[in-house]
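A quick note: this is a predicted structure, and the numbers were derived from the prediction, not measured. Naming: A, B, ... by sequence-line order, numbering from 1 per chain.
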Protein chains: 2
Amino acid sequence: MEAKEFLPVVRELARCYQAFECYSSRHVRSLGLTPSQFDIIATLGNTEGMTFKQLGEMTLITKGTLTGVVDRLVARQLVKRVASPMDGRSQIVQLTDDGVAMFERTFPAAINHLGKALDGMTSTELDKTHTVLRNLTRIFKRETKAG
Amino acid sequence: MEAKEFLPVVRELARCYQAFECYSSRHVRSLGLTPSQFDIIATLGNTEGMTFKQLGEMTLITKGTLTGVVDRLVARQLVKRVASPMDGRSQIVQLTDDGVAMFERTFPAAINHLGKALDGMTSTELDKTHTVLRNLTRIFKRETKAG
DNA sequence: CAGATATTGTTCTAACTAGAACCATATGTC
DNA sequence: GACATATGGTTCTAGTTAGAACAATATCTG
């Protein structure tokens, strides 16, 4: 194997994600939601709701974890569970009225906060970044499937 | 604000990190360590040990969390705490003999596993990826400092 | 239709996580 | 040297995390 320097790259990936998480999480928490809770509220916004499975795929939260996070949002009356008419095993998660209000209060603010950081990037830079990330994601996904 | 598409970019960053984490974590767990534990073992390898502060900066684990992770490694006799001769507040964390053995058993294996995924990338691609990530990291770090 | 297999969501466990409050020790200022 | 302030680790709390085992429902195959 050629001595390619991939270790610094994955360390930078971790640092990058961490830096984003730190920047974003601080703001989200100040709005009264954990990052996971915000992810769910944001994903459910402007939809008729979706199943746990769909919600897990969108938010990258595994199903065992998702149950707990949704439980807490149900306790705060921000979302509700509805039995799926299509599939007896399935639950549909929907924003309540309070949840919609929370979405409308937090989502634009979060977008705006993110924009403050990324507005310095040109569209070209954003595109390049997107492409590079997509490529790296694909590599890990492929290898994970393989073994 | 111009309608730049930064939302897909940060979602891709999350997906990318997640894909890496999944690929890497599965392997590390099969070696008998959690990802955080492996991070610490890997960071301490080939050093004389370092303080909690340094260790936290290298691994991106916050200090409150670090205490617990190190506690578990101490319980497994893979690392030890040594009082710093320089600073009465400071603890130095060092690999034990068992810890060194664990490092030698797991670190090359992890590098090799990672290499299997990334060997398909050319050095040029790796460089570009590194540059793009470093740029994005810098943006979030700067903004986090600012507020 | 019946039995085998797969899928959806829940439960359980062990661990990690950030953040805040706290204690002990250092450092800066007078 | 005394006091204010900063720093290194620990403790505590609420929450997230993955993974495995599980129950209920679907689907597939004969």
Side-chain angles (χ1 to χ4, degrees), chain A residues 14 17-41 49-57 59-76 78-93 144, chain B residues 14 17-30 32-41 49-76 78-93 144:
Chain A
Y17 177 74
Q18 165 85 10
F20 158 68
E21 189 58 26
C22 178
Y23 175 71
S24 168
S25 140
R26 195 173 298 193
H27 177 249
V28 162
R29 283 175 198 275
S30 79
L31 298 172
L33 293 172
T34 66
S36 294
Q37 288 168 356
F38 174 75
D39 259 18
I40 290 176
I41 300 281
M50 59 187 76
T51 65
F52 270 81
K53 181 178 171 56
Q54 293 173 304
L55 197 48
E57 280 163 3
T59 58
L60 306 178
I61 299 174
T62 53
K63 58 186 184 175
T65 303
L66 196 53
T67 297
V69 179
V70 168
D71 280 350
R72 266 161 236 120
L73 288 173
V74 168
R76 290 178 64 180
L78 295 173
V79 308
K80 58 188 168 189
R81 283 180 171 88
V82 181
S84 165
M86 301 303 175
D87 189 327
R89 298 164 299 181
S90 237
Q91 301 276 342
I92 293 175
V93 186
T144 300
Chain B
Y17 177 74
Q18 164 86 12
F20 159 68
E21 187 60 24
C22 178
Y23 175 71
S24 169
S25 141
R26 196 172 300 194
H27 177 249
V28 162
R29 282 175 200 276
S30 79
L33 293 172
T34 67
S36 293
Q37 288 170 357
F38 173 76
D39 259 19
I40 290 175
I41 300 281
M50 60 187 76
T51 65
F52 270 81
K53 182 178 170 54
Q54 292 173 305
L55 196 49
E57 280 163 3
M58 300 282 291
T59 59
L60 307 177
I61 298 174
T62 53
K63 59 185 184 176
T65 303
L66 196 53
T67 297
V69 180
V70 168
D71 280 350
R72 266 162 238 121
L73 288 173
V74 168
R76 291 178 62 179
L78 295 173
V79 307
K80 60 187 167 190
R81 284 180 170 87
V82 181
S84 165
M86 302 302 178
D87 188 328
R89 299 164 298 182
S90 235
Q91 300 277 343
I92 293 176
V93 186
T144 300

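Between B:Val79 and the options B:Asp71, B:Leu73, B:Val69, a side-chain contact (heavy atoms from CB on, under 4.5 Å) holds for only B:Leu73.
Residue B:Ser25 has no polar side-chain atom (N or O) positioned under 4.0 Å from OP1 or OP2 of D:dA18. The shortest distance between the side-chain N/O atoms of B:Thr62 and the OP1/OP2 oxygens of C:dG19 is not below 4.0 Å.
The CD-C1' distance, from B:Glu57 to D:dT7, rounds to 12 Å in whole Å. For the pair A:Gln18 CD and C:dG19 C1', the computed distance is 14 Å after rounding to whole Å. With rounding to whole Å, B:Arg29 atom CZ is found 13 Å from D:dT17 atom P. Here the P atom of nucleotide D:dG15 and the CD1 atom of A:Ile40 are 13 Å apart, to the nearest Å. Separating the CZ atom of A:Arg26 from the C1' atom of C:dG19 is a distance of 11 Å, rounded to the nearest angstrom. Summarising the geometry, the separation between NE2 on B:His27 and C1' on D:dA18 is reported as 18 Å, rounded to the nearest angstrom. Taking atom CZ of residue A:Phe20 and atom C1' of nucleotide C:dA18, one finds them 16 Å apart after rounding to whole Å.
Residues B:Ser84 and B:Arg89 are not in side-chain contact: their nearest non-hydrogen atoms beyond the backbone lie 4.5 Å or more apart. Contact of the A:Arg81 side chain with the A:Val70 side chain is registered, since non-hydrogen atoms from C-beta on lie closer than 4.5 Å.
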- Note on the structure: The contact string for nucleotides 5-15 of chain C, one letter per nucleotide 5' to 3', using protein heavy atoms under 4.0 Å with B, S and - for base, sugar-phosphate only and none, comes out as -BBBBBB---S

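Heavy atoms only, all atoms of each residue included: B:Thr51 and B:Ser90 are closest at CG2-OG, 3.6 Å. Closest approach of A:Gln91 and A:Ala83 over heavy atoms only: OE1-N, 4.2 Å.
A donor-acceptor pair is defined here as one N or O able to donate and one able to accept, closer than 3.5 Å; such a pair exists between the side chain of A:Ser30 and the backbone of A:His27.
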